[in-house]
Amino acid sequence: LEDAWATALFEAEVGQRCDVSLQVPEEDRPLSCCVSTGLAFRGSGEKEAARQEYHEREHRAALSWDSRPPQAPAWVERRVAGTSRARPHLTTAMRLAVRSVWRANDTSSRPWVSLKDHWEDVDAEREGRFQAQAALCLDEFRRGFTDGDCTDGCFQIVDVEFMACFLAALEVNAMVVADEELRSIGLGLYLQAATFNHDEDPNCAHSFVGRRLLVRTVRTINAGEELTIAYAELAELSSARQARLRAQYFFDPLPKGLLPDSVARRDKLLAEVLERSTDGAWSPVVGGLPWSSEAGVLTVATTVPNYILTLAQEVHKAWVSAKAATQAGDEVGATRHLQAAWSAASQGSVRLGDGHALRLAVAKDGMDSALAASMWDEAAPFARAVSTASQLLYPKAWPVVALSLARLAKLELYLNQVRAAANAAEEALRLLAMTMDDRSPVIGELRQIYAQACAEMQAQGQQARHRVAAKTAQCALTAEPA
C-alpha cells in the first residue's frame, strides 16, 4: 500500500465524497462542507488532515476573492470587488499540481525530481496549454500563502516554467483513482507507483482503498522480473491502446509491431464475428470486424461481407441511440435501445462473438441502464454477458473480472437464482482476495450474498426433501394391501 502524495477529486465528485479519504458519507453521518471552498469532509479528523496538507491554503486562496453562494464548488468563478476579474477555473490536474507543491513547500521536499516530464516530446499546442494553465496554478499557489509562511527555496523555484513542466509530468505520472466499483473519481500522485512501467500482459493489478493505492501480483513472478501494470484499458484493440499510449505517454507499447500471443488472442476476440454453417456449428469469420467507441465500425480494417457490416452498423446505431437516451435521463428508453442492439447482435446465422468489443459495450451499458431503471429481469442477461466477456478478455485474476461476478451474484440473488448467485459470489470472493484489500466494502457485501444464497439453497433443499417425504407417505397410505 502507498498513500498518495496528493489527490484531487473530479469535479462531479466534489461535495459528494470526503475530499481527504475519497470515501462517500456513511448513512447516518452526512458530510461537513466548507463554505469557502466547497470541499466536503466526513469528520473532524479528516478535516484536520486536509487542513495540514492543503485545505488551509486552499481556504486562504478562496478568501482572496470576494464572496460567492454557500456550498458552491471552489472553481466557480467569483468577481473581485470593484474589478471585472473572475477566479479562474482550475481543472482536476491543476488542483493536483497546486496541492502537490503546497505540500512540498510545507515539508521542504522536492518529490518531483524523480518524475519524467517528457518536455522535449511535448508539441507546441500542448506546450501552450501547459504554459497557460501554469500561470493560473502559480496564482493559486501564491494566494495560499501569507507573507511569512513560505519556504524561500520552494517559492523561488516555483515559477511559470516550473509549473508548466510539473503539469507535463503529472500528465504522464498521475494515476486515475477509482472507487471500490472501479468508477473513476479523481487523480492522485503516487511517487512509488510512478516507477511502474506499462505492459501489454501485466503481472500486477492495482486498486484503491480510499486514497491509498494497492498493487498486487496476479501471477507468479520470477526472480529479477520487472513488476508491471496496465496504463490503459486492456479490453480494447491493441491499435487503439497503442495510439493512446503514444499520444499521452510518448512510448510505443509494441515497438517492433509484434503482438504477444496474449494480445493477439485478445484482439481476435474483440473483433470476432461468428457465422453458423449448414451443420449448425458456429465458426469465426476470417479477419473479424474491429470496432471502437470513438470510431465505430472500422470498415477499412476488414474484408467481411456486406451483410455482416450491415449487422454491426445496426448494432452500433442502436448503441448510439441508447447513449443519447442516457444523456437525456431516459434510462428506460436507453434499455430498450440496448435490447434492440442485443437482438441485432445475434441475428439468425450471424452474431458478434462473446468477446466482441461492440457486444461488450452494449452489455455493459445495458446492465447499467436497466439497473438505473430498476429493470432487474432485463439487467440479468446483460450482466451474464458482461461476466462472460470479462473472463474471456482480461487476465484470470483481474479486478474487472471479480467485480463483474460480484454484480452478477447480487442480481442473481435478487432474482432468486440462489445457486447461480452462490457460484458467482464464491468465484468473485476468490478473485477479490487476490486483487483487492480485504476491508473493501465489496468483499463484505459479497460475503453476505454468499451466506444468504447458501442458506436459501439449504432451505430449498430441506423443502424439497419434505415434499418428497410427504409424497412418499401419501403413496403409502393410498396403496392397496397385498
Side-chain angles (χ1 to χ4, degrees), residues 12 181-184 233 235-237 269-276 282 285 288-299 304 306-393 400-401 403-417 420-421 424:
E181 296 283 344
L182 299 186
R183 292 182 292 253
S184 299
E233 174 59 57
E236 68 175 352
L237 294 171
L269 289 168
L270 286 163
E272 189 172 65
V273 179
L274 301 175
E275 191 166 19
R276 184 153 46 194
W282 291 95
V285 176
L289 184 62
W291 176 89
S292 74
S293 58
E294 296 87 1
V297 180
L298 305 176
T299 56
V304 299
N306 286 334
Y307 62 88
I308 295 180
L309 283 176
T310 301
L311 176 147
Q313 288 165 350
E314 181 181 351
V315 176
H316 177 78
K317 182 179 179 180
W319 177 76
V320 170
S321 298
K323 286 288 188 185
T326 296
Q327 290 179 351
D330 181 10
E331 295 292 2
V332 173
T335 302
R336 298 305 182 205
H337 283 300
L338 291 162
Q339 286 180 312
W342 190 253
S343 297
S346 302
Q347 291 182 1
S349 61
V350 179
R351 69 180 182 88
L352 301 181
D354 289 342
H356 195 282
L358 177 54
R359 183 184 176 93
L360 176 57
V362 169
K364 281 182 176 178
D365 291 350
M367 177 181 66
D368 291 342
S369 293
L371 291 175
S374 300
M375 301 168 67
W376 317 117
D377 289 320
E378 289 80 357
F382 290 128
R384 294 170 189 137
V386 170
S387 180
T388 297
S390 298
Q391 293 175 70
L392 284 173
L393 295 170
V400 174
V401 178
L403 285 174
S404 71
L405 286 164
R407 295 187 187 104
L408 179 60
K410 188 174 182 178
L411 189 56
E412 297 283 25
L413 182 62
Y414 184 85
L415 297 175
N416 203 33
Q417 302 297 316

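Computed from a prediction, not measured in an experiment: that's the story for all the values here.
- Minimum interatomic distance between W282 and S349 (heavy atoms only, all atoms of both residues): CZ3-O, 3.4 Å.
- In this structure, T335 OG1 and M375 CE are separated by 5.0 Å, a value rounded to the nearest 0.5 Å.
- Residue pairs that meet the ring-ring contact (aromatic ring centres under 6.0 Å, His included) test with at least one member in residues 335-369, sequence neighbours left out, are W342-F382.
- One distance of note links CG of L403 with OG of S390; it measures 9.5 Å at 0.5 Å rounding.
- Closest heavy-atom contact between G288 and V304: O-CG1, 3.3 Å.
- Of the inter-residue distances, the one linking S369 atom OG with R336 atom CZ reads 11.5 Å to the nearest 0.5 angstrom.
- Across V297, L358, T310, a single residue satisfies side chain to side chain contact (heavy atoms under 4.5 Å, CB included) together with V315, and that is L358.
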Q. Do L311 and V273 pass the side-chain contact (heavy atoms from CB on, under 4.5 Å) test, and can you show the C-alpha distance, the side-chain angles, and the key distance before you say yes or no?
A. CA-CA 10 Å; L311 176 147; V273 179; 6.0 Å; no
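- Between the CG atom of N306 and the CD atom of Q313 there is a distance of 9.0 Å, given to the nearest 0.5 Å.
- With sequence neighbours excluded, the residues forming a side-chain contact (heavy atoms from CB on, under 4.5 Å) with S184 are F10, V176, listed by chain and number.
- When side chains are defined from C-beta on, L360 counts as touching L393, because their heavy atoms get closer than 4.5 Å.
- With sequence neighbours left out, the side-chain contact (heavy atoms from CB on, under 4.5 Å) criterion links A318 to A341.
- Considering every non-hydrogen atom in both E331 and A372, the closest pair reads CG-CB, 3.8 Å.
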Let me check something: any side-chain donor-acceptor pairs from residues 319-329 under 3.5 Å, sequence neighbours excluded? List them with distances.
from, atom 1, to, atom 2, distance (Å)
W319, NE1, D365, OD2, 2.9
S321, OG, K317, O, 3.1
K323, NZ, D365, OD2, 3.2
T326, OG1, A322, O, 3.2

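- With sequence neighbours left out, the side-chain contact (heavy atoms from CB on, under 4.5 Å) criterion links E275 to V285, Y307, V350.
- The salt bridge (Lys or Arg N to Asp or Glu O under 4.0 Å) analysis of residues 407-417, with sequence neighbours excluded, yields the pairs E181-R407, R384-E412, K410-E445.
- Defined by atom type and a distance below 3.5 Å, a donor-acceptor pair is present between the side-chain atoms of Q391 and S387.
- Between S346 and R351 the shortest heavy-atom distance is CA-CB, 3.6 Å.
- The two residues A380 and L415 have their closest heavy-atom pair at CB-CD1, 3.6 Å.
- Distance check, rounded to the nearest 0.5 Å: CG of D354 to CG of L274 gives 7.5 Å.
- No side-chain heavy atom of R359 sits less than 4.5 Å from a side-chain heavy atom of E272.
- Heavy atoms only, all atoms of each residue included: A373 and V332 are closest at CB-CG2, 3.8 Å.
- Side-chain contact between E236 and S293 is absent, with no heavy-atom pair separated by less than 4.5 Å.
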